[in-house]
Structures are given as structure tokens and as C-alpha cells.
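The structure displayed is predicted, hence computed values, not measured ones. So that the names make sense, note that chain A is the first sequence line, chain B the second, and so on, each numbered from 1.
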Protein chains: 2
Amino acid sequence: MSQAFRLKQAIEDAVIAGEFQPGDRLDEASLAERFGVSRTPIREALLQLGAEGFIDVRPRRGAIVSVPSPTRLFEMFETMAEIESACGRLAARRLTPDNDAAMEAAHRACETAARNGDSEQYYADNRNFHEAIYRASRNSFLADQAFALHKRLSAYRRIQLRARNRLLQSLQEHAGILEAIRAGDEQLAATRLHDHVLVQGERFSDMVLGLSPAGQSPAEGRRETAK
Amino acid sequence: MSQAFRLKQAIEDAVIAGEFQPGDRLDEASLAERFGVSRTPIREALLQLGAEGFIDVRPRRGAIVSVPSPTRLFEMFETMAEIESACGRLAARRLTPDNDAAMEAAHRACETAARNGDSEQYYADNRNFHEAIYRASRNSFLADQAFALHKRLSAYRRIQLRARNRLLQSLQEHAGILEAIRAGDEQLAATRLHDHVLVQGERFSDMVLGLSPAGQSPAEGRRETAK
DNA sequence: GATATGCGAATTGTATGCAAGATAGGAAAT
DNA sequence: ATTTCCTATCTTGCATACAATTCGCATATC
């Protein structure tokens, strides 16, 4: 496949992994050197990531990893909550044995990770659990949207999951979500997923706002990434 | 601003206006000539549009305007329905006088267009009405998502609105939506918006499926735009 | 001392050239 | 007549070169 697409993946992964943090500059020359290519495919990758909202490409002023304001971040979590609850609603309506099994497996993996207090592992398994729900909606377009937003938020979600006791609470919420989907209760599934996601957003916002005056928050002193 | 961004807009507009139809090839050389620039900014514009899902950029094989399969198209409308109903739910919860007035104005414009049977005008005013609802959600990120998907679907929506009597029915549904939002009834607003949007998707799918064997449907003989 | 101004260096935006893969058309073989 | 294979042509992908703008920093001015 073309370089530009591979580079797009590579840069995106680096951002998700936290190697480039929000606000970091992504200058074309050093990326080109790092990956051993010319600036052209780098530019193409950056522009694509910019179009997906992953990074912020400012004309003539270079690209930076997006730095959503606390408000924007809350809006993103709220949107994620709405999209996930839509997935849950459809999953409750259309659940198949395959999708049920996939969710069950992911849930068990989360359980193990939570029992071991392994938050890195839980982070990965949690992602699988949510992705299983996206797929269970049996609407691949909606699922793609959910994946994309989930990825964009992953940097913030990871931080959030480190909070004390959050793992066990998250796990319990997962159980409740699964139960509602299995019961075919669309409304309950939607509500539970909505709250599950939004609580993360709210906690994160609290954390950002709470820490902001004192310590270093990820968004501190940086501007909104308005379009 | 840079050429690439202007070109992106220009090409997107041309697609929305129907100048380039689904399946049409967007070859770099002719676009470059048409806009009087080199291939470089054209490529950059195309890749951005590809990342937004507007067109389909196939490595080494050029870009075409996306051709969603009927299934995919239905999924897109279903997703639109979920996103719009989320906007409606939030709008019902958070309505301000400003947003109320904006929706009212857009609704009146639709009314006039519908009375005159001017479907082109209604198409434009309908868009304004829906965008007013997106804004009334007071979640600018969610609203952006809604705008983007609305744009992607506009080609199909336009065809749909030409259907007989659809204008008047659409207008009545708008009235019901407004009423629910004003009453602060989140559930009702969400349901009405959901149905309003999905009915379009269903009708369109019916149309595509019905016409497909006989006449020329937009998607006829073309492949899914899978990623 | 603080603010404005201008210059040099660094970075981005666009054009052009070339290499490699895709496509179409025809010739050869079955 | 149909299929397969080969070649000529076209198109895309990447590198390089150059132009245009921004940014940092020193100097000048109030």
C-alpha cells in the first residue's frame, strides 16, 4: 500500500500511544526524516488526519495534535455517549448469538483485568468490549463512526481509567449494559450506556477543571481547536 | 488560504451540487487543468475528502465519488436518524430563545417553499431547519458531526424530496418536532426526529430497490465503497 | 523598560520530474 | 469464437526544487 496511508496509521498510532501529546508540533521535515521518506507523503498523511479531526492542521502554521478545550472535550464525550447509546439500542433490538458471544468474551476479559487491578490491560479489554457493542448494532456505518470517535478520545479515556476504583465500577456497569441488551430492553440499554460513557466524560472534566489551577492539565494554557 | 483547502471546498461543492455523480472518476490531471493548478494541491484536496468519507480514494487506482450500496445507504440514514434525534433530545433540554427563534424562522421559510411547491427552495430551507436543530443542541461537536453527515447524504436526500406530496408531509413533521422541542419533551422530540429522518432513508431505499431492476438507479452496477 | 520594526532563518505550499503500478487493446493460442 | 497474455499508454505515488509566508530575534524608538 501507499506510503501515505501507512504513515497516516503510524502517526495516528503514535498519537494514540501518547508519544505525541496534545499540543505537540508535528513538523513535516522531522517526520520525513524519522520515517525515511520525503515530505510529500508526510503532508498527505497529516492532511488526512486533519480531515478526520485527529490533529489540527493550521494553514501555513503547521500541524499540532488537537487540544480540545475542556468544553469541547465534554461535548465530545457527550456525543460519544449518544452514539454509544444508539449502538446499544440497536444491539438490544437485533442481538445475534455471535454478537452476544463476542460481548460475553470481552466482558470476561475485562473481569480478569479488573480483578488483577491491571489498568493497562483493562484499557485494552474495555475497548474490545465497547467495540463488540458497536458491532452488535449491526450497522457498520454507525459502528465506524463509533470506532473513530472512540479512537479520538482514547488519550483522555486512558487517563481517566487510572482513577481509583473506577475499574470495578466500570465493570459493574458493563454487566448492567450486557443484561439490558440481552433482555432486549432498548431503552434501558441506551440509558445505561449513555450514563456509563458520560460519567467518564464528567469525571474527566472534573479532573481537568480541578487540576487546572494547581498542576499541569493536558489542556492547560492551550487554545481550542476550532475549525 | 491555501489552494488545497479551497479546492477541497470546490470539489465538495461540485459533488454536492451533483456535478460529479456517485461513481464518477475524479482524475487528478483533469481537475488540475480545470482549476489551473498542479496535481499536488488537487491530490491533497482529494485525500482530505477521502478521509471525510466523501469520496473513495483507492490506492493507485484513483478517486471516485463514493457509491454506497443500498445497505450502506440505509445504515447512513439510520445513523443520521440517531444523531438527529440526539440533537433533538438535547435541544428539548436546553432550548434558548435564540435557538427557538432560529428554528421558527427556518420553519416558516419551509412553509413558504412548500406552499409554492418549490422543491429546490424547500431543499435549501429544510437544510436550514435541520441545522438550526443541530445548533439548538448546544453541543457544537455533535452539531459538526450532524452537519458532516447531512452533507454526505444531501445527494440522496435531494432526490428523495422530489417525491410526490413529500414536501407537505415533511413540513407537518417539522411542526411536530418543533412542538416537542418547545414542550421540553426530550423523548418525544427524539422519536419524532428519528422517524422523520428514517422515513426518508426507508423511502429512498425502497426507491432504489424498486427502480434498480427497471431503470437507472444511482448505485446501479457499481460496487460498495468499503474501506 | 516596554513596544514596535525589520531582517534572516526556518517552515510550509506548490510545481515539476521521474519511477512504478494499472488499464486497455490487440495478437496469439486453444 | 473465446480466452490468455503481452505490450503500449495512461495514471498515480513519491522525491526534489523553488516560491511564499511565518517566526524568532536583534535593533531601534518612544
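Rounded to whole Å, atom C1' of dT12(D) lies 11 Å from atom CG of Leu46(B). The distance from atom CD of Glu28(B) to atom P of dC14(D) is 11 Å, rounded to the nearest whole Å. Between Leu31(B) atom CG and dT12(D) atom C1' there is a gap of 13 Å when expressed in whole angstrom units. One interatomic measurement links the two molecules: CD1 of Ile42(A) to P of dC14(D), which rounds to 10 Å at whole-angstrom precision. The CZ-P distance, from Arg61(B) to dA24(C), rounds to 10 Å in whole Å. Glu33(B) places its CD atom 16 Å from the C1' atom of dA15(C), with the value rounded to the nearest Å. What separates CG of Leu47(B) from C1' of dT12(D) is a distance of 11 Å, to the nearest Å. Put simply, CD on Glu44(B) is 7 Å from P on dT14(C), counting in whole angstrom units.
Within 6.0 Å of CD on Glu104(B) lie more than 12 heavy atoms contributed by other residues, nucleotides or ligands.
Remark: Glu82(B) engages Arg89(A) in a salt bridge, criterion side-chain N to carboxylate O under 4.0 Å.
Looking at heavy atoms from C-beta onward, Arg138(A) lies out of side-chain contact with Arg93(A) at the 4.5 angstrom threshold.
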Which atoms of nucleotides 16-21 of chain C (N or O only) lie under 3.5 Å from a protein N or O atom, and what are those distances?
from, atom 1, to, atom 2, distance (Å)
dT16(C), O4, Thr40(B), OG1, 3.4

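Between Phe129(A) and His174(A), the ring planes lie parallel to each other; the angle is under 30°, not in the 30° to 60° tilted range. Using a 30° and 60° split on the angle between ring planes, His196(A) and His130(A) fall in the parallel class, below 30°.
Computed from C1' positions of five pairs at each end, the angle between the two local axes of the helix from dG1(C)-dC30(D) to dT30(C)-dA1(D) equals 20°, rounded to 10 degrees.
Listed nucleotides dC23(D), dG13(D), dT14(C) differ in distance to Gln3(B); the shortest reach to its side chain belongs to dT14(C). Taking the side chain of Arg43(B) as heavy atoms from C-beta on, and the options dT11(D), dG13(D), dA15(D), the nearest nucleotide is dG13(D).
Side-chain N or O atoms of Arg94(A) include one that pairs as donor or acceptor with a backbone N or O of Ser137(A) at under 3.5 Å.
No side-chain donor-acceptor contact under 3.5 Å links Arg152(A) and Ser66(A). Looking at Gln145(A) and Tyr134(A), their side chains never bring a donor and an acceptor atom within 3.5 Å of each other. Between the side chains of Ser140(B) and Glu75(A), a donor-acceptor pair is found at a separation under 3.5 Å.
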